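To start, the structure under review is shown below, and the notes come after it.
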Amino acid sequence: METQTEAGPETLESEETAAAPATRRRARTLVFGITLLCAGLATAGVLFATRSGDGHNGADARHRGATIRAAYQITGHGTAQISYAGADGRLHTVSAHLPWHGGAELTASTPAVVSIVLGKEGGNATCSVSLHGKVVQQATAYGTYGRANCRTASR
C-alpha cells in the first residue's frame with residue numbers, strides 16, 4: 001500500500017528560503033546596473049554641457065579673452081561622485097566626502113558645470129555655481145543614487 005503525503009508548510013518555507021539569496025543577488029545586480037547607468041548619464045550630460053559652446057576648445061578660448069572665477073560648492077553629508085568643468089575646459093570627476101568645494105578660472109566660452117551623484121546611502125546634497133561671488137545656479141539631489149546638475153554660462 002502506497003502512502004502519499006502532501007507538502008506541508010515546512011516544505012514551502014524551505015523553498016522560499018532557498019530562493020531568497022537568488023532574489024537578493026538579482027536585486028543587487030539591478031541596483032548596481034541602475035547606479036552605473038545614472039553615473040554614465042550624469043557624466044555624459046556634463047561632458048555634453050562642457051563641450052557645447054562656440055565650437056572652440058578651452059585652450060584656444062583662453063587666448064581670446066579674459067577669464068572668470070567659477071566657484072563650485074556641494075553641501076550635504078556622506079559621499080558623492082562629483083563632476084565639474086576645470087580651468088582646462090575638461091571634465092574632472094572625483095569621489096568626495098561632503099561638504100566639498102572647488103573652482104576654476106573659465107573663459108566666457110566655457111560653461112560653469114558641476115554635477116553630483118549620491119551613493120546607495122542616499123540622503124540629499126545641493127550643488128551650486130557662483131560667479132563673481134554670487135550663486136547663479138543651484139540644484140538638489142535626493143534619495144538613493146540621487147543626482148543633480150548645475151550649469152550656467154561663464155559670461
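This one's a predicted model, so the numbers in the text were calculated from it and none came from an experiment. All heavy atoms count here, side chains included; hydrogens, waters and symmetry mates do not.
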Worksheet item: How would you list, by chain and number, every residue that makes a side-chain hydrogen bond (donor to acceptor under 3.5 Å, both in side chains) with T79, sequence neighbours excluded?
Response: H97

Quick one: side chains of residues 68-77, donor-acceptor pairs under 3.5 Å with protein atoms, not counting sequence neighbours, listed by atom name and distance.
| from | atom 1 | to | atom 2 | distance (Å) |
| --- | --- | --- | --- | --- |
| Y72 | OH | A85 | O | 2.8 |

Worksheet item: Can you list the residues that meet the side-chain hydrogen bond (donor to acceptor under 3.5 Å, both in side chains) rule with S130, with sequence neighbours excluded?
Response: none

Item to complete: Spell out, yes or no, whether Y142 and W100 are grouped together once hydrophobic residues are joined by side-chain heavy atoms under 4.5 Å, including indirect joins.
Response: no

Item to complete: For A141 and A148, work out which heavy atoms get closest and say how close.
Response: N-CB, 3.7 Å

Discussion item. Testing the 3.5 Å rule here: is there a donor-acceptor pair between the side chains of S115 and S83?
Written reply: no

Worksheet item: Looking at side-chain heavy atoms only, is the closest gap between L98 and I82 below 4.5 Å?
Response: yes

Discussion item. Testing the 3.5 Å rule here: is there a donor-acceptor pair between the side chains of N124 and T140?
Written reply: no

Response to the item:
On a heavy-atom basis, the closest approach of N149 and A139 is O-CB, 3.6 Å

Worksheet item: Rounded to the nearest 0.5 Å, how far does OG1 of T110 lie from CD of E105?
Response: 11.5 Å

Response to the item:
Sorted by chain and residue number, the ring pair (Phe, Tyr, Trp, His ring centres under 6.0 Å) partners of H92 (sequence neighbours excluded) come out as Y84

Worksheet, complete the sentence: So CD of Q81 and OH of Y145: to nearest 0.5 Å the spacing works out to 12.0 Å

Worksheet, complete the sentence: Which of V114, V113, L131 passes side-chain contact (heavy atoms from CB on, under 4.5 Å) with T152? Answer is L131

Practice prompt. To the nearest 0.5 Å, tell me how far I116 CD1 sits from R147 CZ.
Written response: 11.5 Å

Discussion item. For Q138, give me all partners under side-chain contact (heavy atoms from CB on, under 4.5 Å), at least two apart in sequence or on another chain.
Written reply: T126, S128, V135

